[in-house]
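To start, the structure under review is shown below, and the notes come after it.
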Amino acid sequence: MKLDELIKYLINPQDLEELYLMQGLNTESEALLIYMKGNLDLKSEIIIFELEETADNLLYKKDGISYIQLFPIDYAVELIESVLNLRTKANSNLEIAKRLLEYRQKDA
C-alpha cells in the first residue's frame, strides 16, 4: 500500500479499524507507527509497526529491509483533521498524502 491509499483509512475511523484487523495489528499497542520502505517518497510502500517492535526509532531495519518512520497513526490522523486542516478542504487522497509527506520532510 502507498501513502495515498492509506489516507482513506486515516480519514475514516471505521476503515482504520478494518485495516487494523486486516493487518493483524495489536490495537492495545502503545502506538501504531507508519513506516515507509526505503525512504520518504509517495512511491514507497507503507508498513505499520507496533511501537514495541520498533522502539519508536525513526530508522528501523527488519529482515534486511530499511524503513523510515513517517508518523504514529494517531498523529497522522490529528494532522489531517486539525493541524493541517486537510479534511475540510475537500482535498484528494493524493493531495493529503503529498501534504503529510511535505510536513514530515520540512516541518516535523
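These figures come from a predicted structure and were not determined experimentally.
In this structure, CG on Asn93 lies 7.0 Å from CG on Asp4, to the nearest 0.5 angstrom. In this structure, NZ in Lys61 is found 16.0 Å from OG1 in Thr54, a value given to the nearest 0.5 Å. Residue Glu102 holds its CD atom at 13.0 Å from CG of Leu40, rounded to the nearest 0.5 Å. For the atom pair OH of Tyr35 and CG of Leu59, the computed distance is 8.5 Å after rounding to the nearest 0.5 Å. To the nearest 0.5 Å, atom CD1 of residue Ile47 and atom CD1 of residue Ile68 are 14.5 Å apart. For the atom pair CG of Asp56 and CG of Leu51, the computed distance is 5.0 Å after rounding to the nearest 0.5 Å.
Residues passing the side chain to side chain donor-acceptor pair (under 3.5 Å) test with Asp74, sequence neighbours excluded: none. Judged as a side chain to side chain contact (heavy atoms under 4.5 Å, CB included), and not counting sequence neighbours, the contacts of Asp41 are Asn39, Lys43, Ser44. Partners of Tyr9 under the side chain to side chain donor-acceptor pair (under 3.5 Å) rule, at least two apart in sequence or in another chain, do not exist in this structure. Checked against ring pair (Phe, Tyr, Trp, His ring centres under 6.0 Å), Tyr67 has the following partners two or more places apart in sequence or in another chain: Phe49. Tyr20 pairs by the ring pair (Phe, Tyr, Trp, His ring centres under 6.0 Å) definition with nothing, not counting sequence neighbours. Partners of Glu53 according to the side chain to side chain donor-acceptor pair (under 3.5 Å) rule, which considers only residues two or more places apart in sequence or in another chain, are Tyr60, Lys62. Taking the side chain to side chain donor-acceptor pair (under 3.5 Å) definition, one finds that Lys98 meets it with nothing, sequence neighbours left out. Lys8 is linked by a salt bridge (charged side-chain N to carboxylate O under 4.0 Å, His left out) to nothing, counting only residues two or more places apart in sequence or in another chain.
No continuous path of ILVMFWY side-chain contacts below 4.5 Å connects Leu21 to Leu10, so the two sit in separate hydrophobic clusters. Hydrophobic clustering, with ILVMFWY side chains joined whenever heavy atoms are under 4.5 angstrom apart, groups Leu79 together with Leu42. By the rule that hydrophobic residues join a cluster once side-chain heavy atoms approach within less than 4.5 Å of another member, Leu101 and Ile48 end up as members of one cluster.
Without hydrogens or angle criteria, Glu45 side chain to Met1 main chain gives a donor-acceptor distance under 3.5 Å.
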Pair up each side-chain donor or acceptor in residues 25-32 with any protein partner under 3.5 Å, not counting sequence neighbours, and list the distances.
residue	atom	partner	partner atom	Å
Asn26	OD1	Glu28	N	2.8
Ser29	OG	Ala31	N	3.3
Ser29	OG	Ala31	O	2.8
Ser29	OG	Glu52	OE1	2.5

Quick one: do Gln69 and Ile34 satisfy side-chain contact (heavy atoms from CB on, under 4.5 Å)? Show the steps, please.
-> CA-CA 6 Å; Gln69 188 184 136; Ile34 303 167; over 6 Å; no
Given Ile96 and Leu3, is the side-chain contact (heavy atoms from CB on, under 4.5 Å) satisfied, shown in steps?
-> CA-CA 9 Å; Ile96 294 171; Leu3 184 56; over 6 Å; no
Carefully, step by step, assess Glu50 and Leu33 under the rule side-chain contact (heavy atoms from CB on, under 4.5 Å).
-> CA-CA 6 Å; Glu50 296 161 8; Leu33 309 170; over 6 Å; no
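Between the side chains of Asn12 and Glu18, no donor-acceptor pair is found at a separation under 3.5 Å.
Cluster partners of Leu58 are absent, since no Ile, Leu, Val, Met, Phe, Trp or Tyr has side-chain heavy atoms less than 4.5 Å from it.
Between Glu5 and Lys2, none of the side-chain N atoms (NZ, or NE/NH1/NH2) sits under 4.0 Å from a carboxylate O, so this pair counts as no salt bridge.
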